[in-house]
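One structure below.
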Amino acid sequence: MRFFRIFDISLVGLVFVVAGCASQSGSTSSSSPRVTPAAGSSEGPSAKADLESKSGSTVTGTATFTELGSGGVRAHIHIENAPPGTHGLHLHEKGDCSDPEAKSAGGHFNPGGMPHAGPMADKRHAGDLGNIEIGANGKGDLDVRSDLLTVKAGPNSVVGRAVVFHEKADDLATQPTGNAGGRLACGVIQ
């Protein structure tokens, strides 16, 4: 009989613990994925790019890259004055946006020599950030985490690269660009 009493008390306590944990996790809702550092992790160095209009567009924006103590980089990209719809976003190999069509930024940043793919694929360019949705107001935000990038110096550092906002959606498959079309905005990461 004593065993059952201890078990009943333990079970009641377990229910309260589980209920308390459930009420603390995921209490916010969002229509787009959000990346937050894991509990106990700290944020490291960050770098930023201001995106300027290219190819005769009016698109502008900002991109912030923050190294996470738990590994990887969190990228937040904010776009304004863009055509509504889905548009590809990539890191390009050269931090040079001087060309009117941003062709001076070179190809996708790909230090690992991988095929082009989506940001969740195991084998992908380090610069494959996927797509951003632009609303009817011409604005959009993308939050993504990459385990292939760093902010600190090294072969996978974002510093000295370019962020490029593309004309069309990235199909996440066509090699080597995703068939995302022209470059409507470009910014050098510093």
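Positions are given from 1, in the same order as the sequence printed here. Model, not experiment: these values are computed from the prediction.
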Requested in this report: Take Ile77 and Thr62 through the test side-chain contact (heavy atoms from CB on, under 4.5 Å) and record every step on the way to the result.
Outcome: CA-CA 6 Å; Ile77 297 94; Thr62 58; over 6 Å; no
Query raised in the report: Step by step, would you call Cys186 with Lys103 a side-chain contact (heavy atoms from CB on, under 4.5 Å)?
Result: CA-CA 10 Å; Cys186 183; Lys103 291 180 180 178; over 6 Å; no
Requested in this report: Could you please spell out the steps behind the side-chain contact (heavy atoms from CB on, under 4.5 Å) verdict for Ile189 and Val151?
Outcome: CA-CA 10 Å; Ile189 305 167; Val151 173; over 6 Å; no
Query raised in the report: Should Thr60 and Ser53 be marked as a side-chain contact (heavy atoms from CB on, under 4.5 Å) after you check the CA-CA gap, both sets of side-chain angles, and the distance that decides it?
Result: CA-CA 6 Å; Thr60 59; Ser53 303; 3.8 Å; yes
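Put simply, the side chain of Leu68 reaches to within 4.5 Å of the side chain of Glu43, judged on heavy atoms. Leu149 places a side-chain heavy atom less than 4.5 Å from the side chain of Phe109. You'll find the side chain of Ser146 stays beyond 4.5 Å of the side chain of Met120, heavy atoms only. Contact check for Val59 versus Leu51: no side-chain heavy atoms found under the 4.5 Å cut-off. In this structure the side chain of Leu89 never reaches within 4.5 angstrom of the side chain of Val164, judged on heavy atoms. Side-chain contact between Leu129 and Pro119 is absent, with no heavy-atom pair separated by less than 4.5 Å. Contact check for Cys97 versus Glu52: no side-chain heavy atoms found under the 4.5 Å cut-off.
A salt bridge between Arg124 and Asp147 is present, with a side-chain N of the basic residue lying under 4.0 Å from a carboxylate O of the acidic one. A salt bridge does not link Glu93 to Arg161: none of the charged nitrogens lies less than 4.0 Å from a carboxylate oxygen. A salt bridge does not link Glu67 to Arg74: none of the charged nitrogens lies less than 4.0 Å from a carboxylate oxygen.
Side chain of Asp128 to main chain of Gly130: no donor-acceptor pair is present (N/O by atom type, distance under 3.5 Å, no hydrogens or angles). For His78 (side chain) and Gly61 (main-chain N/O), no donor-acceptor pair under 3.5 Å exists by modelled atom type. A side-chain donor-acceptor contact under 3.5 Å links Thr150 to the backbone of Lys152. With Ser104 contributing its side chain and Asp96 its backbone, the two residues share a donor-acceptor pair below 3.5 Å.
Here Asn131 pairs with Thr86, Ala169, Asp170, Leu172 under the side-chain contact (heavy atoms from CB on, under 4.5 Å) rule; sequence neighbours left out. Scored by the ring pair (Phe, Tyr, Trp, His ring centres under 6.0 Å) test, His166 finds His90, His92 as partners (sequence neighbours excluded). Checked against side-chain contact (heavy atoms from CB on, under 4.5 Å), Pro115 has the following partners two or more places apart in sequence or in another chain: Lys123, Gln175.
More than 12 heavy atoms of other shown residues, nucleotides or ligands fall within 6.0 angstrom of atom CG in Asn137.
Put simply, OG1 on Thr177 and NE2 on His125 are 9.0 Å apart, with the number rounded to the nearest 0.5 Å. The line from OG of Ser57 to CZ of Arg183 is 13.5 Å long, rounded to the nearest 0.5 Å. In this structure, OG1 on Thr58 lies 5.0 Å from CG on Asn81, to the nearest 0.5 angstrom.
Taken together through direct or relayed side-chain contacts under 4.5 Å among Ile, Leu, Val, Met, Phe, Trp and Tyr, Val159 and Val188 form parts of separate hydrophobic clusters. Hydrophobic clustering of Ile, Leu, Val, Met, Phe, Trp and Tyr side chains at less than 4.5 Å, counting indirect connections, keeps Leu142 apart from Leu148.
Screening Asp141, Thr66, Thr64 for a side chain to side chain donor-acceptor pair (under 3.5 Å) involving His76 leaves a single residue, Asp141.
Taking each heavy atom of Ile79 and Ala82 in turn, the nearest pair found is CG2-CB, 3.7 Å. Ser55 approaches Glu101 most closely through the heavy-atom pair OG-CA, 3.5 Å.
Residues Asn179 and Thr174 bring no donor and acceptor atom of their side chains to less than 3.5 Å of each other.
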